[in-house]
Amino acid sequence: MIARRDFYNRNAVQVAKELLGCFLVREYKGKITRAMIMETEAYRGEYDLASHASKGKTARTEIMYGVPGHAYIYMIYGMYFMLNVVTEEKDFPAAVLVRGIKILEPGSRSKVKIGGPGKLTRHLHINKALNGHDLAMGRKLWIERPRNKKRLKISKSPRVGIDYARHCKEWKWNFKIEHETGEILA
DNA sequence: AGCACGATCTGA
DNA sequence: CAGATCGTGCTA
């Protein structure tokens, strides 16, 4: 089931937790890749010093102030793209960064784990051309909610790579799937 | 117009 | 631990 817009129109911290176990789906050159979301991070409000929106609305961050359910993609360190999902009501800047996925290879039973936000976008051919893309459309890039999401053990930690964020750096807005018990169905 | 640095990753 | 590599926001 493709996540509807109201799924995204909620508190970014809540959406970050609920995105775990969901499927990030990428259609590229006619091929569809389905990846389970394993790690996320929330960035919420201008008061969050770790968020790009802490500098206010600019050309880059405008998308975070927009309609929920759109992709916020930016380049970092001159070579990596970060994939974020815009959350919360229009005019409130918030997004969820996807930091880790697991790909269920079609046919084989092997699962490829991809940790790291820069690596997963490279693997899925996600770049700035998809910035602003509407994930609720179910085209090119979208998110599907699993049928059953039982017994997910989720761990909370401080967010990665934001030492500059003063008191905000200790907020435990990073979420990871620790164990999966049982199979999650698409 | 110039500058410092980043929600990262890789290889030594 | 340094290097890659460039868009962005800040200062002037």
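Every value quoted in this text rests on a predicted model; they were computed, and no experiment measured them. In what follows, chains are A, B, ... by sequence order, proteins preceding strands, each numbered from 1. Only heavy atoms go into these numbers, but all of them, side chains included; no hydrogens, no water, no symmetry mates.
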Across nucleotides 5-12 of chain C, 5' to 3', mark each nucleotide with B, S or - according to how protein heavy atoms within less than 4.0 Å reach it.
BBSSSS--
In the structure shown, which nucleotide is the Watson-Crick or G-U wobble counterpart of C:dT5, with both distances under 3.5 Å?
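With both distances under 3.5 Å required, C:dT5 matches none.
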[X] [atom1] to [N] [atom2]: how many Å, rounded?
| X | N | atom1 | atom2 | answer |
| --- | --- | --- | --- | --- |
| A:Asn127 | B:dT8 | CG | P | 18 Å |
| A:Leu97 | B:dA7 | CG | C1' | 6 Å |
| A:Glu41 | B:dA7 | CD | P | 11 Å |

For a quick check under 3.5 Å, do A:Asn174 and A:Glu39 share a side-chain donor-acceptor pair by atom type?
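There is such a pair between these side chains.
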For residues A:Ser51 and A:Ser54, is any side-chain donor paired with an opposing acceptor at under 3.5 Å?
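No, A:Ser54 and A:Ser51 have no side-chain donor paired with an acceptor closer than 3.5 Å.
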Can you see if the side chain of A:Arg122 gets near the phosphate of B:dC9 - specifically, an N or O under 4.0 Å from OP1 or OP2?
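The answer is no; no side-chain N or O of A:Arg122 sits under 4.0 Å from OP1 or OP2.
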Ring pair (Phe, Tyr, Trp, His ring centres under 6.0 Å) with A:Tyr74: which residues, sequence neighbours excluded?
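Applying ring pair (Phe, Tyr, Trp, His ring centres under 6.0 Å) to A:Tyr74 gives A:His52, A:Tyr72.
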Interface residues of residues 160-169 of chain A with DNA chain C (non-hydrogen, below 4.0 angstrom):
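Of all residues in residues 160-169 of chain A, none places a heavy atom under 4.0 Å from DNA chain C.
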Which value, rounded to the nearest 0.5 Å, describes the distance between [X] atom [atom1] and [Y] atom [atom2]?
| X | Y | atom1 | atom2 | value |
| --- | --- | --- | --- | --- |
| A:Ile63 | A:Lys57 | CD1 | NZ | 10.5 Å |
| A:Ile101 | A:Met36 | CD1 | CE | 11.0 Å |
| A:Leu20 | A:Ser155 | CG | OG | 8.5 Å |

When you measure from the side chain of A:Glu88 to the backbone N and O of A:Ala12, does any donor-acceptor pair fall under 3.5 Å?
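A pair under 3.5 Å: yes.
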Should the ring pair A:Trp171 and A:Trp173 be called parallel, tilted or perpendicular, given that the plane angle runs from 0 to 90° and is split at 30 and 60?
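Answer is tilted, since the angle falls between 30° and 60°.
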